[in-house]
Every structure is written in C-alpha cells, then in structure tokens.
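Below is one structure; the comments refer to it alone.
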Amino acid sequence: MLSLELWTKNSQGERTYQGTYRRTWKTMRGLENFRQKVMDYNGYTLEDFKIKGEESRKDNTKAVGTLKVGDVLHSVYGYDMILNSYYEVVKVSPSGKTVQIRPLRKNYDGSPNDIAGCTVYPDVTSENRFAGKPDSHRVLVDNDGEPYVKISTYEYAHPMDMKEAVYGSMEDHND
C-alpha cells in the first residue's frame, strides 16, 4: 500500500515533516490523482510530497494455464429461485489469462416449475449442445487459488468436476 507524506519548507529553508495523509492507495495512479488535486487546491509542489510503500496489484499469474479447452464451468445463482448455468471453454488465450466460453444447453429430470424443483444436467455430448455464441472473459483466482470466470455482476462460473455432473444440480424456478 502507498501512503503520502507532506513536507514543507520552514523559514530557514529546511524541509520539515508536516504529517501523513490517513488515506492509503493500492496504485500510483490513484495516489497521483489525489496528489494533483491537493497541489491544485493548496498550491503545493511535487517537492512537498514523499511517497512511502509499494504498489499492490492483484496477482493473476496463478490463473495462467488453469483452464483448458473443453473444461465445463458451472454457476448457481438466484435468491428465491435456484438457477444453474453451464459453460464450455472453447478457446484459451496464449497467456492463459483470458478464455472464450459458450453457454451449454441443460437437460432436465422433471419440471423446474414443480414445488420441489428438479435436477438439471449439462448437455456435454450432443452435437447441438451450445446455446449461444462465444464470449471472452478474464480468468480470476479466488482466495483458495481456484480459477473462476465472472459472467455478470451476479453470476460467477467455477470449473465443474465431471464426476459430480453425473449427479446433476438442483434447479427451482418457483420463488
């Protein structure tokens, strides 16, 4: 984290420490924006500031090479309803940080409108298994070091173990 100290010249022309701003920054860009506003408003110069600390950026290198073409991703979302989505990785960038995924069709065992819901399985074997066009997403890493893909503000897809896909997932469209 970065912090910003303020030093000003006293009457003898020596620099004296005035204090440290309470706020901290992760990147130089944020700190520079703040420093420029303070300089414009208060008339300070660049020499009046000292930067302490180091930049801290998210390390996405753990995600490199973790998803492969053919991997199936699974997301579960909903508040009152339980909705499942399945995606297949169709292309991985050379760096491994970005993947193209396509939504998969679902097979239902029962009706999702029943009171108890139903079991849903990803369609991974049929020729017309895709339900949409490829879409590029950044591969992210959770706190446990597992890769995931952010589909939207409310939906995150994690790699699915195909041994677990045999048992299906609960889906309920009733709220």
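Numbers for residues simply follow the sequence, beginning at 1.
Looking at heavy atoms from C-beta onward, Val149 lies out of side-chain contact with Tyr156 at the 4.5 angstrom threshold. The side-chain heavy atoms of His74 and Asn84, taken from C-beta on, include a pair separated by under 4.5 Å. With contacts defined as side-chain heavy-atom distances shorter than 4.5 Å, the pair Asn174/Asp114 does not qualify.
Asp48 contributes a side-chain N or O that, together with a main-chain N or O of Thr45, makes up a donor-acceptor pair within less than 3.5 Å. Side chain of Arg105 to backbone of Asn128: a donor-acceptor contact under 3.5 angstrom is found. Here the side chain of Asp142 pairs a donor or acceptor atom with the backbone of Gly145 at under 3.5 angstrom. For Ser75 (side chain) and Ala157 (main-chain N/O), no donor-acceptor pair under 3.5 Å exists by modelled atom type.
For the pair Glu32 and Arg29, the salt-bridge criterion is not met [side-chain N within less than 4.0 Å of a carboxylate O]. Using a 4.0 Å cut-off between charged side-chain N and carboxylate O, Glu88 and Arg129 make a salt bridge.
Between Trp25 and Phe34, the distance from one ring center to the other falls under 6.0 angstrom.
Defined by atom type and a distance below 3.5 Å, a donor-acceptor pair is missing between the side-chain atoms of Tyr21 and Thr24. No hydrogens or angles considered: a donor-acceptor pair under 3.5 Å links the side chains of Ser169 and Tyr86. Between Gln18 and Thr16, the side chains place a donor N or O and an acceptor N or O closer than 3.5 Å (distance only, hydrogens not considered). Remark: the Glu171 side chain and the Thr119 side chain contain no N/O donor-acceptor pair separated by less than 3.5 Å.
Other residues, nucleotides and ligands contribute more than 12 heavy atoms inside 6.0 Å of the OH atom of Tyr17.
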